[in-house]
Amino acid sequence: MKGSIVLFGPPGAGKGTQANRIVSLTSKPQVSTGDMLRQAVSSGSELGVAARAFMEAGELVPDDVIIGLINQRLKEEDASSGVLFDGFPRTIAQAEELSKIAQLSVVISIEVPDESIVERIVGRRMDPETGNIYHIKFNPAPESIAHRLIQRKDDNESTVRTRLSAYHEQTSPLASWYESQGLLIKINGNRSIKKVGDDIISELSDK
Ligand code: AP5
């Protein structure tokens, strides 16, 4: 597959969880704007300071900040044969900008109803050493690493509701935008992690 892939869906849909398998299949690097922003926040950079309040409130970071980050990232050598975008684009303005700088092959939309999202987000735990994503009920971490797991600051019930509103208002319109371009593939994300991944891999293998 020549172009880039977009992993699209609401917070907690399973984009990060599924990214590893897609990276192994396609050898395209994962470009997660959420991860890039969290790194900027923990390094205390100017960008991180600007982004932090938006992220902790569950609101989208302004488009110009995100577009600047992506422009920078796509100049790196490993991005020359396309990347796996995770959590980008999230607004029509971001998608329009992206269409000027990268060619997309497919947009994978992982569909999960709002009722499932809160439980997924509140129970999520991250391994800061490996970046692996776990869930206290659906995907428990091995006992040996349980002591070092962390919970993201924005993974609480009230912030999730703001994130879901931002998704429905600003991001979900992108689905029909990409559908009209013939790029959108819908995946039922409300099944086991393995089944969702198998479907994504089989769709991508046909491309
Ligand atoms: P970001 O980090 O992108 O967060 P998000 O989109 O809200 O997505 P998540 O990381 O919460 O969910 P995910 O779909 O990756 O789910 P995961 O695989 O972890 O963004 C954070 C913030 O940064 C935003 O709020 C915004 O402020 C800012 N930002 C980022 N990008 C931006 C942009 N482009 N423009 C503007 N602002 C931006 O899974 C979730 C949990 O569910 C895990 O515990 C997992 O184990 C579990 N799980 C996964 N799949 C399943 C399954 N099939 N069944 C049961 N449990 C499952």
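Excluded from the calculations below are hydrogen atoms, water molecules and symmetry mates; all remaining heavy atoms, backbone and side chain alike, are included. We're numbering straight along the sequence, starting at 1. Both counts, for ligands and for their atoms, begin at 1 and track the order of listing.
- Under the side chain to side chain contact (heavy atoms under 4.5 Å, CB included) test applied with V61, the options D64, V65, D63 reduce to a single match, V65.
- Under 4.0 Å from ligand 1, the heavy atoms of E59 that appear belong solely to its backbone.
- In I110, neither the side chain nor the backbone holds a heavy atom less than 4.0 Å from any atom of ligand 1.
- Of all the heavy atoms of T17, the ones lying under 4.0 Å from any atom of ligand 1 are found in both the backbone and the side chain.
- Side-chain atoms of K137 do not come within 3.5 Å of backbone N or O of E119 as any donor-acceptor pair.
- If you look at S192 next to ligand 1, the close heavy atoms, those under 4.0 Å, all belong to the backbone.
- In this structure, R38 has a heavy atom closer than 4.0 Å to ligand 1.
- Linking ILVMFWY side-chain heavy atoms closer than 4.5 Å, directly or via other members, places L74 and L69 in a single hydrophobic cluster.
- The shortest N or O to N or O distance between D154 and ligand 1 is not below 3.5 Å.
- Residues that satisfy the ring pair (Phe, Tyr, Trp, His ring centres under 6.0 Å) test with F88, not counting sequence neighbours, are F85.
- Neither the backbone nor the side chain of R52 has a heavy atom within less than 4.0 Å of ligand 1.
- Considering both main-chain and side-chain atoms, G123 never comes within under 3.5 Å of ligand 1 through any nitrogen or oxygen pair.
- F138 pairs by the ring pair (Phe, Tyr, Trp, His ring centres under 6.0 Å) definition with H135, not counting sequence neighbours.
- The proximity of R191 to ligand 1, defined as any non-hydrogen pair under 4.0 Å, is limited to the backbone.
- Any N or O atom pair closer than 3.5 Å counts here, and P11 shares no such pair with ligand 1.
- Of all heavy-atom pairs between L104 and L183, the closest is O-CD2, 3.8 Å.
- For the side chain to side chain contact (heavy atoms under 4.5 Å, CB included) with I22, the lone residue among T26, N20, L25 that qualifies is T26.
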